[in-house]
Amino acid sequence: MTAAIRAHALEKRYRDVHALRGIDLTVEQGEFFALLGPNGAGKTTFISILAGLARATAGRAEVMGHDVVNDYRAARRMLGVVPQELVFDPFFTVRETLRIQSGYYGLRRNDAWIDELLTHLGLADKADTNMRRLSGGMKRRVLVAQALVHRPPVIVLDEPTAGVDVELRQSLWAFIRRLNREGHTILLTTHYLEEAEALCERVAMLKQGRIVALDHTARLLSRDAERRLELKLAPPRLPPELQGRLVECRDGRYCLRLSDYAEVETVLASLREAGIRVEDMALAQADLEDVFLRIMGQQV
Amino acid sequence: MTGFLTLFHKELLRFWKVMLQTVAAPILTALLYLLIFSHVLEEHVQVYPGVSYTAFLMPGLIMMSVLQNAFANSSSSLIQSKITGNIVFVLLPPLSYVEFFLAYLLAAMVRGLVVGLGVALVGLAFTDLTLAHPLWMLAFALAASAVFGAIGIIAGIWAEKFDHLAGIQNFLIVPLTFLSGVFYSIHSLPPFWQAVSHWNPVFYMIDGFRYGFFGQSDVPPGVGMAVVLPSVLVLTGLTLLLLRRGYKLRH
């Protein structure tokens with residue numbers, strides 16, 4: 001099957017910045033994929049090249065098998081982009097904005113789909129409101145609708161929930177999840193790592209223009225991610241053989257490092273032998289933020 | 001084709017929705033020029049035999065309005081879109097650079113011609129106008145609006161802030177149009193300034209346009225068109241080249 005997005009040895013140099021340093025990446029059709037990285041890592045540059053807003057210095061990129069330069073018309077029809085900036089055209093109403101955007105993609109009579117988008121995005125009662133009069137959250141929804149007017153199989157969301165309230169964030173994700181279930185490929189960049197963890201099957205982490213991690217989210221979380229055991233002990237002391245596992249002790253709670261959940265048994269046995277009672281116990285696994293911080297902390 | 005037509009339509013809507021500023025205001029400005037200059041000079045100046053000064057002035061003012069508004073339309077639309085960031089809505093879809101160019105150019109020409117027509121209609125209240133050669137008149141109006149529409153696109157792409165655009169408008173467009181025979185015949189100028197005027201392409205646009213009304217001009221209309229038409233072609237080529245390379249639009 002043709003990949004939804006394929007990048008091969010993608011390079012981008014600006015005058016004094018080497019923004020992308022050879023990106024190889026394939027996102028399969030139907031995936032919910034996250035592109036993570038700190039500011040300046042190259043996420044937006046990568047998306048801009050896919051969308052034709054920037055031109056690669058070397059390498060190539062394809063959307064649904066269409067080269068973004070040589071076959072740009074087909075590639076752009078396959079792609080819907082929700083830009084990071086909250087941009088709008090102040091001359092038009094919401095419906096006019098969506099009709100115009102449809103027309104750019106060659107769609108003349110698109111009102112049935114526009115109405116559906118307006119309904120799903122909670123914009124139905126704002127259809128005839130000028131863009132200037134919308135709140136920031138509403139403008140963000142229109143941006144999503146604009147990206148979807150031509151029913152693209154691949155949808156790119158560049159920081160779509162930045163500055164968006166919790167309610168809108170939830171409804172936006174419910175809608176995007178539905179699109180994904182219906183077969184759309186989603187490429188997401190976000191600073192909210194818990195969103196990527198909850199939504200995305202695979203994750204690529206970018207640092208200084210390079211991919212430094214690329215894996216299934218679950219595998220990335222389990223791979224060298226340490227588990228932790230939190231204990232409240234009576235009396236509050238730790239046997240000497242467990243001292244090596246201690247990460248921290250705060251408010252009478254001991255946080256111990258485990259390399260495997262099976263080690264819980266060993267820890268409990270040591271505590272029993274020492275005559276220490278467990279009053280409370282919790283297991284914690286590293287989240288994507290821990291993995292992200294660890295990987296970003298490493299040298300490229 | 002739908003993509004191009006949509007962009008063209010969007011550009012027309014853009015100026016039409018604020019027509020008080022984009023159409024009515026320039027018509028009023030031209031009318032003020034007409035009232036003041038005709039009041040002061042009507043009794044004292046007759047440029048062509050049998051043509052009153054007010055009638056002589058009219059085609060110049062119409063053409064000046066056409067040129068300035070064609071430039072203003074494409075340049076202001078592009079700079080606004082760039083600064084607000086909504087240019088991205090035009091750059092993301094599968095529009096070719098030729099469609100992009102034609103849509104912005106034709107919309108600029110329409111705005112220029114609509115304002116020009118408005119000036120002509122209002123001016124008819126003050127003087128009679130005859131059309132000796134309507135095809136020449138039309139040809140010069142179309143070609144000249146295309147030249148300034150294309151300059152507007154180039155300026156809009158190049159400018160990074162409104163200040164840049166204001167610089168081009170005030171230091172290039174206004175002097176070029178004012179010093180091109182809108183208000184006078186270049187034959188009334190000293191020889192040096194006559195010679196300088198011949199290097200100003202706007203002079204040929206206004207002179208040829210005026211020929212369409214009176215059948216009289218400073219240079220034959222064929223000569224004027226031989227200057228204006230290549231200007232259209234050169235500017236079209238240059239604009240297409242910039243758009244194809246994505247100059248200041250696609251990084």
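Every chain is numbered from 1, with letters handed out A, B, ... down the list of sequences.
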Next on the checklist: Could you walk me through whether A:Glu159 and A:Thr190 satisfy the side-chain hydrogen bond (donor to acceptor under 3.5 Å, both in side chains) test, starting with their C-alpha distance in whole Å, then the side-chain angles of each, then the deciding distance to 0.1 Å, before giving a yes or no?
Outcome noted: CA-CA 5 Å; A:Glu159 305 274 356; A:Thr190 179; 4.7 Å; no
Next on the checklist: For A:Arg77 and A:His66: C-alpha separation, side-chain torsions, deciding distance, then whether side-chain hydrogen bond (donor to acceptor under 3.5 Å, both in side chains) applies.
Outcome noted: CA-CA 10 Å; A:Arg77 272 194 200 97; A:His66 301 284; over 6 Å; no
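Using a 4.5 Å cut-off between heavy atoms, A:Glu85 does not touch chain B at all. Interface residue A:Leu143: only side-chain heavy atoms are found under 4.5 Å from chain B. With a 4.5 angstrom heavy-atom cutoff, B:Leu5 touches chain A only via side-chain atoms. Using a 4.5 Å cut-off between heavy atoms, B:Ser81 makes no contact with chain A at all. Using a 4.5 Å cut-off between heavy atoms, B:Lys17 contacts chain A through its side chain alone, with no backbone atom that close.
Using non-hydrogen atoms only and a strict 4.5 Å limit, no part of residues 19-29 of chain A faces chain B. Listed in order of number, the residues of residues 104-113 of chain A that approach chain B to under 4.5 Å between heavy atoms are A:Tyr104, A:Tyr105, A:Gly106, A:Leu107, A:Arg108. The contact list for residues 100-124 of chain B toward chain A, using heavy atoms and a distance under 4.5 Å, is empty.
The line from SG of A:Cys200 to CZ of A:Phe33 is 8.5 Å long, rounded to the nearest 0.5 Å. To the nearest 0.5 angstrom, A:Arg151 atom CZ is 9.5 Å from A:Glu182 atom CD. We find the CG-CG distance between B:Leu28 and B:Leu34 to be 11.5 Å, quoted to the nearest 0.5 Å. Between A:Glu11 atom CD and A:Thr45 atom OG1 the span is 12.5 Å, to the nearest 0.5 Å.
With hydrogens and angles disregarded, no donor-acceptor distance shorter than 3.5 Å links the side chain of B:Asn73 to the backbone of B:Asn69.
The local environment of NE2 in A:His8 is sparse, with at most 12 non-hydrogen atoms from other residues, nucleotides or ligands closer than 6.0 Å. By the 6.0 Å contact criterion, NZ on B:Lys248 is enclosed, its count of non-hydrogen atoms from other residues, nucleotides or ligands being greater than 12. Around atom NE2 of B:His9, no more than 12 heavy atoms belonging to other residues, nucleotides or ligands sit under 6.0 Å away. Around the CG atom of B:Leu32, the shell of radius 6.0 Å holds more than 12 heavy atoms that belong to other residues, nucleotides or ligands.
Between B:Phe37 and B:Tyr33, the angle of the ring planes lies from 30° to 60°, which puts this pair in the tilted group.
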Pair up each side-chain donor or acceptor in residues 50-61 of chain A with any protein partner under 3.5 Å, not counting sequence neighbours, and list the distances.
unit_1, atom_1, unit_2, atom_2, d
A:Arg55, NH1, B:Arg244, O, 3.2
A:Arg55, NH1, B:Arg245, O, 2.9
A:Arg55, NH2, B:Arg244, O, 3.2
A:Thr57, OG1, A:Arg13, N, 2.8
A:Arg60, NE, A:Asp67, OD2, 3.4
A:Arg60, NH2, A:Glu62, OE2, 2.8
A:Arg60, NH2, A:Asp67, OD2, 3.3

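Results of the side-chain hydrogen bond (donor to acceptor under 3.5 Å, both in side chains) test with A:Thr44 over A:Asp158, A:Asn39, A:Thr189 single out A:Asp158 as the only residue that passes.
Within the cation-pi definition used here (under 6.0 Å to the ring centroid, within 45° of the axis), A:Lys12 qualifies as a partner of A:Tyr14.
Taking the six-membered ring for Trp and the full ring otherwise, the centers of A:Phe92 and A:Phe88 sit at least 6.0 Å from each other.
Ranked by heavy-atom pairs shorter than 4.5 Å toward chain B, the options A:Ser48, A:Gly103, A:Pro90 are led by A:Gly103. Counting heavy-atom pairs closer than 4.5 Å to chain B, the top residue among A:Leu86, A:Asp89, A:Leu79 is A:Asp89.
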